[in-house]
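Comments concern the structure below.
In the text below, chain A, chain B and the rest are named by the order of the sequence lines, each starting its count at 1.
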Protein chains: 2
Amino acid sequence: MPDHRSARAQRLRDAGYKLTNARLTILDVLETHGGHMTSAEVLEKVEARAPEVGRASVFRALDLFTRLSIIRPTYINDSSTPTYVLMPGGHHHHIICTNCDRVIEFEDCHLEKLERELERQFRVRLTGHLLEFYGLCATCIANHDADK
Amino acid sequence: MPDHRSARAQRLRDAGYKLTNARLTILDVLETHGGHMTSAEVLEKVEARAPEVGRASVFRALDLFTRLSIIRPTYINDSSTPTYVLMPGGHHHHIICTNCDRVIEFEDCHLEKLERELERQFRVRLTGHLLEFYGLCATCIANHDADK
DNA sequence: TTAGATGCAAATAGTTTGCATTTGT
DNA sequence: ACAAATGCAAACTATTTGCATCTAA
């Protein structure tokens, strides 16, 4: 299995950034949690594990990790606050229910071919992608139909 | 050509929402601008066109339009503030340069098949999607290489 | 050794709320 | 007619900044 944890720290290092206690703690919090985390949740977990790490460093690290395509902020529910998703292998895919905000993750996206096409067409070098579908989940479809 | 403008107002109406002056103004601002707009830009344009429309109504409408898959908030640059993209036909696709934040839009995504697969697999009813690729644009690749 | 990163606390900016009033249907 | 939506301004909350200090390389 791929060791994403050391791989991501390595990525920081390769890009010329220091492996500080703050960054490694924040990265570990994200990796331990695994899924979707709001900045508030990250702040809370970091505070619990390493009280000496300041709020500002958390936001600075989240920005940095975003620039490095390690995570990606997205809007899940009532906007205004981003939810960060880890992007192992540079990509992530999910379905968001626009009624109850449930998130369903899925694996396959078959976007490799499109990715290569885009790189050629626009002369870009792509490092990751996020694919979000919106709609109603099974539960909300049932409730909706029951309303009739 | 499809008349997205009346189509979207119709969508509001069909979902049981009132076609108020505030909502129609905000919708028109989004459609006139066409592309990506931050909440600040929407506020500014709405203020210019219809000063009587309050700030709160703008945010309430942006939330509503998001729930209806008319627009979708996403993070383009320095996070913290969402950029809203119109989703004609329910979908939108772009490439974001993680170095200079340039946005390149593209049309084809070939996701219809995947969409149908997901609907079957998870028993969901999908209304739209957003596909974002991250990486370096041609200009930033050149600058990066020049640094060596 | 030293550029880069941190932690703190104060400042800022973006967004939401409560409520009396207005409006679409 | 009346529920839904609005506009206002105040309250709130999340995020950022400036700067002296610290630390990874």
With a cut-off of less than 4.0 Å, is there a side-chain N or O of Thr20(B) near OP1 or OP2 of dA5(D)?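 It does not, given that no N or O in the side chain of Thr20(B) lies less than 4.0 Å from OP1 or OP2 of dA5(D).
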Using a cut-off of strictly less than 4.0 Å, decide whether Ser57(A) has a side-chain nitrogen or oxygen near OP1 or OP2 of dA5(C).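 No, because none of the side-chain N or O atoms of Ser57(A) sits under 4.0 Å from OP1 or OP2 of dA5(C).
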Position toward the 5' end of DNA chain C (nearest nucleotide), Arg55(A) or Leu43(B):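 Upstream on the strand: Arg55(A).
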With a 3.5 Å cut-off and just heavy-atom distances, do the side chain of Arg60(A) and the base of dG7(C) make a donor-acceptor pair?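 Such a pair exists between side chain and base.
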For [X] and [N], give me the distance from atom [atom1] to atom [atom2], rounded to whole Å.
X: Asn21(A); N: dT23(D); atom1: CG; atom2: P; answer: 9 Å
X: Arg23(A); N: dT6(C); atom1: CZ; atom2: C1'; answer: 9 Å
X: Tyr84(A); N: dA14(D); atom1: OH; atom2: P; answer: 13 Å
X: Leu64(B); N: dA4(D); atom1: CG; atom2: P; answer: 14 Å
X: Ile26(B); N: dT15(C); atom1: CD1; atom2: P; answer: 14 Å
X: Leu19(A); N: dG4(C); atom1: CG; atom2: P; answer: 15 Å
X: Leu62(B); N: dT6(D); atom1: CG; atom2: P; answer: 12 Å
X: Leu24(B); N: dT25(C); atom1: CG; atom2: C1'; answer: 14 Å

So if I take every side-chain heavy atom of [X] and compare against [options], which nucleotide ends up nearest?
X: Glu52(B); options: dA14(D), dG7(D), dA25(D); value: dG7(D)
X: Ala56(B); options: dC8(C), dT25(C), dT17(C); value: dT17(C)
X: Phe59(B); options: dT6(D), dA14(D), dT15(C); value: dT15(C)
X: Lys18(B); options: dG14(C), dC8(D), dT25(C); value: dT25(C)

Using a strict threshold of under 4.0 Å (side-chain N to carboxylate O), is an ion pair present between Arg125(A) and Glu119(A)?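 Between Arg125(A) and Glu119(A) there is no salt bridge, as every charged N stays at least 4.0 Å from the carboxylate O atoms.
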Exceeds 12 heavy-atom contacts within 6.0 angstrom, atom CZ of Arg11(B):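 Count over threshold, so yes.
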Any side-chain donor near an acceptor of the partner, [X] and [Y], under 3.5 Å:
X: Arg72(A); Y: Tyr134(B); answer: yes
X: Thr83(A); Y: Thr38(A); answer: no
X: His92(B); Y: His129(B); answer: no

Would you classify Ala22(A) as touching base, sugar-phosphate or nothing, given that sugar-phosphate means primed atoms plus P, OP1 and OP2, and contacts are heavy atoms under 4.0 Å?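 Touches sugar-phosphate only.
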